[in-house]
Amino acid sequence: MSRLLPFLGFMLLVALFGFGIWWNTQHDQNAIPSPLLNKPAPAFNLPKLYEPTQRVSKADLLGQPYLLNVFASWCIECGVEHPVLEAEGPGLGVQLVGYNYKDAPADAKRWLAEHGNPYNLLIADEPGHTAIDFGVYGAPESFLIDAKGVIRYKHIGPLTPDVVEDELKPAIAAMLKEAP
């Protein structure tokens, strides 16, 4: 019996590891559910990047849907995503709002001058306080917000052509279809 106990312990460990491997193959490890989906976006009042004396609030953006794209000059993956935003942004059918996150305004402006500016509107959250309310994990992240100010879709990480085609465009179409 004393020899059987270590074998049974070993088999239990093999079963647990096997279950863990199976579980991970059945679930998207990049999917982080947001508690804000289908709930009102947090209130904000942030300065414009290029005109910091002018501010933009959530109320200012009500009435038309928009894609809020969190980016920063220090973000490596934002450089990967940026050409996708430039290519796909104009055809999305929603306003593209750039949300500069934890970035010095001069650095953000220099980065945009170098890489191009696909945004219809640029706001800045240098201290990053408002990003906490949105549940931002880091840059890049994107939030699709409907005309009533409700978050309809969230993507963590860079938007790729596949993500735009397979996830974002269908989410925009569904949102626009539901709008009165």
Side-chain angles (χ1 to χ4, degrees), residues 28-34 36-38 41-42 44 46-52 54 56-58 60-126 128 130-131 134-179:
D28 183 359
Q29 299 305 303
N30 294 320
I32 301 173
S34 173
L36 297 177
L37 281 180
N38 298 314
F44 62 88
L46 294 168
K48 289 183 175 182
L49 180 64
Y50 287 99
E51 301 168 77
Q54 295 182 14
V56 176
S57 70
K58 175 185 170 182
D60 295 330
L61 296 174
L62 292 176
Q64 61 179 343
Y66 59 97
L67 182 68
L68 184 73
N69 177 253
V70 179
F71 79 99
S73 66
W74 48 261
C75 167
I76 302 292
E77 291 298 310
C78 295
V80 172
E81 173 184 72
H82 205 73
V84 175
L85 291 173
E86 287 192 308
E88 300 284 348
L92 291 176
V94 296
Q95 180 175 224
L96 187 56
V97 177
Y99 183 109
N100 187 238
Y101 172 63
K102 287 190 172 186
D103 208 358
D107 293 340
K109 291 173 188 176
R110 187 172 29 262
W111 192 84
L112 288 165
E114 182 180 329
H115 293 85
N117 181 359
Y119 303 106
N120 303 103
L121 174 67
L122 278 156
I123 55 178
D125 184 9
E126 188 173 0
T130 300
F134 273 91
V136 171
Y137 293 93
E141 289 188 27
S142 297
F143 298 83
L144 179 61
I145 301 172
D146 71 16
K148 295 178 184 175
V150 175
I151 297 174
R152 304 299 297 274
Y153 169 82
K154 178 180 180 181
H155 181 77
I156 298 171
L159 293 171
T160 63
D162 287 342
V163 169
V164 170
E165 199 61 39
D166 299 341
E167 296 177 24
L168 183 56
K169 285 182 179 180
I172 291 171
M175 177 188 67
L176 295 176
K177 185 177 180 183
E178 290 176 14

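These numbers come from the heavy atoms of this one structure, side chains and all, not from hydrogens, waters or symmetry mates.
Separation of atoms CD (E126) and CG (L49) is listed at 10.0 Å; rounding is to 0.5 Å. Summarising the geometry, atom SG belonging to C78 is positioned 10.0 Å from atom CD belonging to E141; distances are rounded to the nearest 0.5 Å. Atoms CG and NZ, on N117 and K109 in that order, are 12.0 Å from each other to the nearest 0.5 Å. We find the CD-CG distance between Q54 and L46 to be 14.0 Å, quoted to the nearest 0.5 Å. Atom CZ of F44 is separated from atom NZ of K58 by 8.5 Å, given to the nearest 0.5 angstrom. Note: D103 CG to W111 CH2 = 9.5 Å, rounded to the nearest 0.5 Å.
In this structure, Y119 has its ring center closer than 6.0 angstrom to the ring center of F71.
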Could you give me the CA-CA distance, side-chain angles and deciding distance for N38 and R152, then say whether side-chain contact (heavy atoms from CB on, under 4.5 Å) is met? CA-CA 5 Å; N38 298 314; R152 304 299 297 274; 3.6 Å; yes

Can you list the steps and then say if E81 with C75 is a side-chain contact (heavy atoms from CB on, under 4.5 Å)? CA-CA 10 Å; E81 173 184 72; C75 167; over 6 Å; no

Between Q95 and I145, is the side-chain contact (heavy atoms from CB on, under 4.5 Å) condition met? List the steps. CA-CA 10 Å; Q95 180 175 224; I145 301 172; over 6 Å; no

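Contact of the D146 side chain with the E178 side chain is not registered, since no non-hydrogen atoms from C-beta on lie closer than 4.5 Å. Between L85 and L96 there is a side-chain heavy-atom pair separated by less than 4.5 Å. Within the 4.5 Å cutoff, the side chain of L62 has no heavy atoms near those of the S57 side chain. The closest side-chain heavy-atom distance from F134 to D125 is not below 4.5 Å. Under the 4.5 Å side-chain criterion, counting only non-hydrogen atoms from C-beta, E88 is not in contact with L159. Looking at H115 and E86, their side chains never come closer than 4.5 Å, going by heavy atoms from C-beta outward. In this structure the side chain of L176 reaches within 4.5 angstrom of the side chain of P65, judged on heavy atoms.
Closest non-hydrogen pair, A131 versus Y99, comes out as N-OH, 3.0 Å. Taking every heavy atom of both residues into account, W74 and A139 meet most closely at CH2-CB, 4.4 Å.
Residues that satisfy the side-chain contact (heavy atoms from CB on, under 4.5 Å) test with P90, not counting sequence neighbours, are absent from this structure. Applying the ring pair (Phe, Tyr, Trp, His ring centres under 6.0 Å) rule to Y153 yields no partners; only residues at least two apart in sequence or on another chain are considered. Here E77 pairs with nothing under the salt bridge (Lys or Arg N to Asp or Glu O under 4.0 Å) rule; sequence neighbours left out.
None of T130, N100, V97 except one satisfies the side-chain contact (heavy atoms from CB on, under 4.5 Å) rule with I123; the exception is V97. Test L168, V164, V163 against H155 for side-chain contact (heavy atoms from CB on, under 4.5 Å) and you get one pass: V163.
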